[in-house]
Every structure is written in C-alpha cells, then in structure tokens.
Number of protein chains: 2
Amino acid sequence: MAGVTERAGDTAGKAATIRDVAACAGTSIATVSYVLNNKSRYLRPELRERVLAAAQELGYVKNAAARSLKGLQRGILAVLVPQFGNNFFTRMCVEIEAVAQRAGFVVTICNSDENPVQERAIIERLLSQRIDGCILSPALSRTESAALLERARVPYVILERTMGTAVPDHDFVGHDNFQSGYIAAQALLDAGHRRIAFLGWDSPIANINDREQGYRAALAEAGVAIEPGWVLTGSLSEDEGRRLADRLPVGQVTAAVLATHHTMAKGVLMSLQDRGLRWPQDLSLVLIGTPEWVDLVRPGLACVERPEREMGHAAAALLLEKLKRPDYRQAKLVLPTRFIPGGSIRPIKIPETSGANA
Amino acid sequence: MAGVTERAGDTAGKAATIRDVAACAGTSIATVSYVLNNKSRYLRPELRERVLAAAQELGYVKNAAARSLKGLQRGILAVLVPQFGNNFFTRMCVEIEAVAQRAGFVVTICNSDENPVQERAIIERLLSQRIDGCILSPALSRTESAALLERARVPYVILERTMGTAVPDHDFVGHDNFQSGYIAAQALLDAGHRRIAFLGWDSPIANINDREQGYRAALAEAGVAIEPGWVLTGSLSEDEGRRLADRLPVGQVTAAVLATHHTMAKGVLMSLQDRGLRWPQDLSLVLIGTPEWVDLVRPGLACVERPEREMGHAAAALLLEKLKRPDYRQAKLVLPTRFIPGGSIRPIKIPETSGANA
DNA sequence: CTGAAAGCGCTAACAG
DNA sequence: CTGTTAGCGCTTTCAG
C-alpha cells in the first residue's frame, strides 16, 4: 500500500503561484484570484490585462489541490471497473471520459481486477485524493466499497452491477440482464431450437444469474424443459470455454448454446474450428455481448447488444447532476438490450409442436 | 473548459480532519500526524493506540491534496493516450495501472482522441491537479504537450510515439516500427510473394512512416521494385479499409498486403468475405498488431506482435524511477517486435529468382 | 474599485 | 516524549 515516496522531486513545486503573479503584475493576490476566476467584481480593465499578461508570462496554472482545501470542487471524477481489459467496460469508460471532459473534469480510471481487496485499497486511495464523485462497478458485486463512499459522503453511481437491496436507495445505471438472457434464448427458440445450453461463468454477480433466469423463463414459456447438463459454468477464460465446448450437444439437430461472455464464446468457436465442426450446421450460437469480431467471423454471429455508450453517458450525466444537486436521486436506470441477428443461428423446420401448450 | 461548478456539494467536505482525530484522542494534531505517518518519533505506545483507534472510529482518511500543499507527492500519475478505444493502448494502460497501483499511486487516464486541441486542454487540467508524473503518447506526435510538461517540471515519459529530435533528450519507451514493417514484408517475401501492397493510414506520426521504410527496405533487399499504387493510405476506419481493399491486387499470384492497423485490416477482410474472395488463396495478408480476433479468423492471420505489456511496464517503471531520482535519464527504450506465423500467408513455389541479386 | 488577512488540512521545525 | 506554531496556495470576507 505504501510506496509513494515522501519528498516530491526537486523538480516539482517550483510552479508559479498566485503570489508570483501578483508580484509580477504589481497588485495583490486577491485581485489576481478575482481576475483568474472571472468573479463578478469590477476591476480596472487595465489591471485585469496586466494580471492576465503576468499569468501568461509565468506560465501560471492554478493549483486545484489548494483550491479544494477551501471546500471547492477538485475537478476529479473516478471510475472503478472490475475488468479494464474488457471492451465492454472500455467502451463505457470512453464515453464517461468524454462527458466528464466536457464538464471540465479529469477522470481517474482504476481497475480492481475482480479483486475486492484491491478494490478496497483503491477506494481508500481515491478517498484520500478527495475525488468529487465516483462511478463504481463493484468487483464481485460486493457492497463494502459503496459503504465506504457513502460514509465519506462522496456522490457515486453504481454501474452495471447492482447491489440489490443490500445498499438501499443507491443510484444505479445498468442494462436488463434478464431481458438479454430472455431474448437470446427466444431467438434460438424461434428458429426452432430445443436443446439449448446456457454457458455462464463462475461469479457471484447477479448479472449472470439474471441472464440465466431470462433463459429459463424463455424456455419455460416455450414449454421446453431444461435438462441436466444444459447449464454450464466455469472460470472466465478462453481455455475454459474450449473445455466446456466438449460438453455441448454438438451435432444434434436443434442443438444450440447461449454464451454469456465473449471470452467463453471465443473458446467455444475455436474449439469447434479445431474439431472441424461448423456453425450453425453443427451448433447454433448466440452471444450476449458485442466484441470487435462479431461481424468478422463467418457466417456471422447472432448476439445481444448492450447499450454501452448510453450506459456510460447516463452514468456520467447522472453523477454530474448529483454533484450539482446533492439531494438528487433518480430511479434506477435499466436500459434495454437489443438482439442482433446473425448467421450463427440455424433455422429449423419447426416440428409441429409450434404454438403448442394451448 | 469551464463547467466545474464552484461549490462542492454540501455532502462533501465533512470528512474528519486530523484535528478531529486529535480531539477525539485527546492529544495534539502533531502527534496524530506523526502516528499516521509512522514517522520516527518515539511516542508512548498507549498514545499511539489511542490515536489509531480514534482515526479508525472517525473513519479518518488523510487528505492528499492538503499534503501536496507542503510540497509532498500527491500520489497521482497521469496517462494520456490518443486512442483509448484501441486495445493496443488499453493493454498498455492495464499494465501501467498495475505497476502504479503497486507503488501506491492512482492513475488518471485521459483520451486525446488524436485531437491536439483536446490534448492541450487535458494537459492543462492535469497540471492544475499537480500530478506527480505523466506518461504521454502524443496525438499526431505533436510536441507542445511535452513542452508544457517540461515547463511545469513534471516528470514524464513519452510512450510509443517518438518526438524525434524536436524535444531533445526526452525519455522514451516504444517499439521498433521499422522492424515491424521489415519483418512483416520479409515474411511475405520469404513465402515467395512479390506484389506486396502496403496499407497505411493518414497520419503525421512517424510510426507509420517507419513501418513503410521497413517495408521498403525489405523489398529493396529482395530486389523487388515497388510499383505505383502499392502504397495505399486513407483515413483510419473500417469503411476506408473496405474501400481500399478494392485497389489491392487480389487474385494475382504473389499478391499480398501488409496492413498497419487492425481497423484497416478488418475492413479488408470483410471486403474479401463480402466479395466471396478467400485468403490466402486470393490474397495473402500480414497485420502489424494483435487484435483479439487474430486467432479466431480462419485460416488464421499472420501478424507482428508488439510488446504492449512490456512497454506499459517499462514506461511506468521508468516514470517511478524518475520520481525517485529527478535527474535520472535513460537511453530511449525501443523494444523489439515478434512475427507470429499464420494461415493468411500463402506459400508460393519460388520462381527461381530466389537468392538472387548476387 | 482594491488590498489585507483569516483560514482550509496538513507537515515539520521548534520549544517545552 | 509531546504540544505549539508557521506556513503550503488559494478563496473570500472585511476594511479601506
């Protein structure tokens, strides 16, 4: 945890201060402060000019840290995600950064790597930096970090991973995981598939479970009973995806799989290729997520798109709103997902059981 | 640039201060400071305990901003990249973050989006935050930002995009672009290809030019004259890659292309697929870069791997070193790249011109 | 219209 | 061994 050396390098700390500017412009620091902050106070234009010139000449940059001591905003927002290398999160970060940038904030992005211990250390460090606000996507959906922020009274919004009722009344932006599981399964059912496996990953986060519930609901509605061995999980890795691919009902008509993470899906696809199997002939497939390669693999990949951009935008906008109005609360924002058709679903002649259970 | 509202929300600013802790522990603020910083000063263990307990109870977190006023480090490092959405940069960021984290720093990641104006605004904001150091990958290889950092005496290291001699004597970590162009072309030449196009992108950065020089050198050595129309460039986008694909010498024996950015390569591959063309039968291909999908497209993709992890690690380590020893300088670090074979290069019977030009 | 001065939270002499 | 105190750079009353 330690490591930050005590002394700043000799190089730092020589930045021009407001006092230098005042001296250089032959006025007082108060005046400089007023000029530099465009405060409503009438000053001789000539003086104003002189101050500006002096600041320019000295390369003066105001010290946000000092400013914050007086209880003003620091201009730093933090984003803490559990999988920084995952495009899904990256896309949200890009959007958050853009919004924050426009509002004059700088964004500190941290990666907990799904590790609650690391997450805690990071939160503590952020708190010590007196960040103005935080967007948090908790590792493993733990609630401790939120509690820490709550206690420090730092405005925050939870992104993507709900904490349910464990932390009452928190602001949340996410997408509809139940729906994504549901429409993915639905797409396979509509095409006539009946043996549909669900490929999850070992994680205590509710999202995966919600997707599974959506999947279960869709199958139940279609009158399809889920058989043992259809719901598969494993650690989150390409290799695990490859291994689990062996357990899929490959080659059987109406066989399909619903993958819930692109890393797992990639493993499955590579396994199929290695074994000389083809999709959708030997196995139909739908993925929840839109990695860069969805439109590159042939014959295409049906998938469920989550509104990453919108989520990032909404989370950032919400946080900014909360900074303006500390008492602002908004109902949880759960954005819809969208099914994108693709060649990985094999249309099957429906065996006369369609429109059944009536 | 403005936008940061003046007043911090009422919610903030109520954090416990060192004074609160002192009061609660029934001692002086000096003692608290010493205890909390593990300074070498002998204190009655009992007192020490009381202070720690009080801090714990009040949820005290020390204010890094206030600390920095005294000329100490703030604990913030900044990373400024030009393409935050690009995996190449993301991978480096992940590594930088990990290294910084271990050293007790928090990392602010910013995205200039290849826009020098935005970059300047960001640098100014970072300066005003009094960051302890910065890793910079300049948009379009401009040098202004480095000059700004230089002037503010903020230790920095330039990553990936060299500024050449424009800024003398700066610390740099990058990879060998000439080499990557060279070995990519070499791989195609070795396989017997002779009509080798170079697909770049419009950018003033030296990297692309260096890759082109490597390509040119390899062809020259092999006695292959570059014909007009072989060197193609365009804006950096998938669509542009698609468009330029039409100009490639598809279908001719010994036809190949060297792509310098995965986005362009993706466009090319998609164009081939749309037109019912296949690789490497109709066109051989090598890519500089390793997007997630290199091992997913079939029959594989030959590519040049850049040492992203090592670069990130080296840059972060170097910056930390510079923070410790302000006068520390290291020779520019240019890491080697590595060719990774793949099914996208069609081996051709070499037409007896091999080992020529002797 | 402008300047002096009181702190914001913290560190580090300097006195006890 | 421990407490008092002078600032770090800045904002903002309050007096000129």
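Residue numbering restarts at 1 for every chain, and letters A, B, ... go by the order of the sequence lines. Given the structure is predicted, the values throughout are model-derived calculations rather than measurements.
- A close approach under 4.0 Å does not occur between any side-chain nitrogen or oxygen of B:Thr27 and OP1 or OP2 of D:dT2.
- For the pair B:Asn63 CG and C:dG7 P, the computed distance is 19 Å after rounding to whole Å.
- The residue A:Thr17 sits close only to the backbone: its heavy atoms come under 4.0 Å of sugar-phosphate atoms, none of a base.
- At distances below 3.5 Å, not a single donor-acceptor pair connects side-chain atoms of A:Lys332 with backbone N or O atoms of A:Thr162.
- For the pair A:Lys322 and A:Asp171, the salt-bridge criterion is met [side-chain N within less than 4.0 Å of a carboxylate O].
- Comment: A:Glu114 engages A:Arg161 in a salt bridge, judged by a side-chain N to carboxylate O separation of less than 4.0 angstrom.
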Distances under 3.5 Å only, N/O to N/O: pair up the protein atoms with those of nucleotides 4-7 of chain D.
unit_1	atom_1	unit_2	atom_2	d
D:dG7	N2	B:Lys70	NZ	2.4
D:dG7	N3	B:Lys70	NZ	2.9

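- Comparing B:Leu47 and A:Val61 along DNA chain D, the residue whose closest nucleotide (by nearest heavy atom) sits nearer the 5' end is B:Leu47.
- Taking atom CG of residue A:Asp20 and atom C1' of nucleotide D:dC8, one finds them 13 Å apart after rounding to whole Å.
- Atom C1' of nucleotide C:dG9 and atom CG of A:Leu127 are separated by 15 Å, given to the nearest angstrom.
- Contact check, A:Asn37 against D:dT11: a side-chain N or O comes under 4.0 Å of OP1 or OP2.
- The distance between atom CG of A:Leu36 and atom P of D:dT11, rounded to the nearest whole Å, is 8 Å.
- Here the side chain of B:Arg74 pairs no donor or acceptor atom with the backbone of B:Leu69 at under 3.5 angstrom.
- Considering only side-chain N and O atoms, A:Arg44 lies under 4.0 angstrom from the phosphate OP1 or OP2 of C:dT2.
- Rounded to whole angstrom, the span from the CG atom of B:Leu69 across to the C1' atom of C:dT11 amounts to 11 Å.
- The side chain of B:Tyr60 has C:dC10 as its nearest neighbour among C:dC10, D:dG9, D:dT12.
- Between the CD1 atom of B:Ile18 and the P atom of D:dG3 there is a distance of 13 Å, rounded to whole Å.
- Of the possible polar contacts, none joining the A:Arg153 side chain to the A:Glu150 backbone as a donor-acceptor pair under 3.5 Å is found.
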Please assess B:Arg48 against B:Val51 for the test side chain to side chain contact (heavy atoms under 4.5 Å, CB included), listing each intermediate value before the final yes or no. CA-CA 5 Å; B:Arg48 172 181 220 82; B:Val51 169; 5.9 Å; no

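- Between B:Arg67 atom CZ and D:dG9 atom C1' there is a gap of 17 Å when expressed in whole angstrom units.
- Ion pairing of A:Glu95 with A:Arg91 is absent here, as no side-chain N (NZ or NE/NH1/NH2) approaches a carboxylate O to less than 4.0 Å.
- Taking atom CZ of A:Arg130 as the reference point, atom P of C:dC10 lies 7 Å away to the nearest angstrom.
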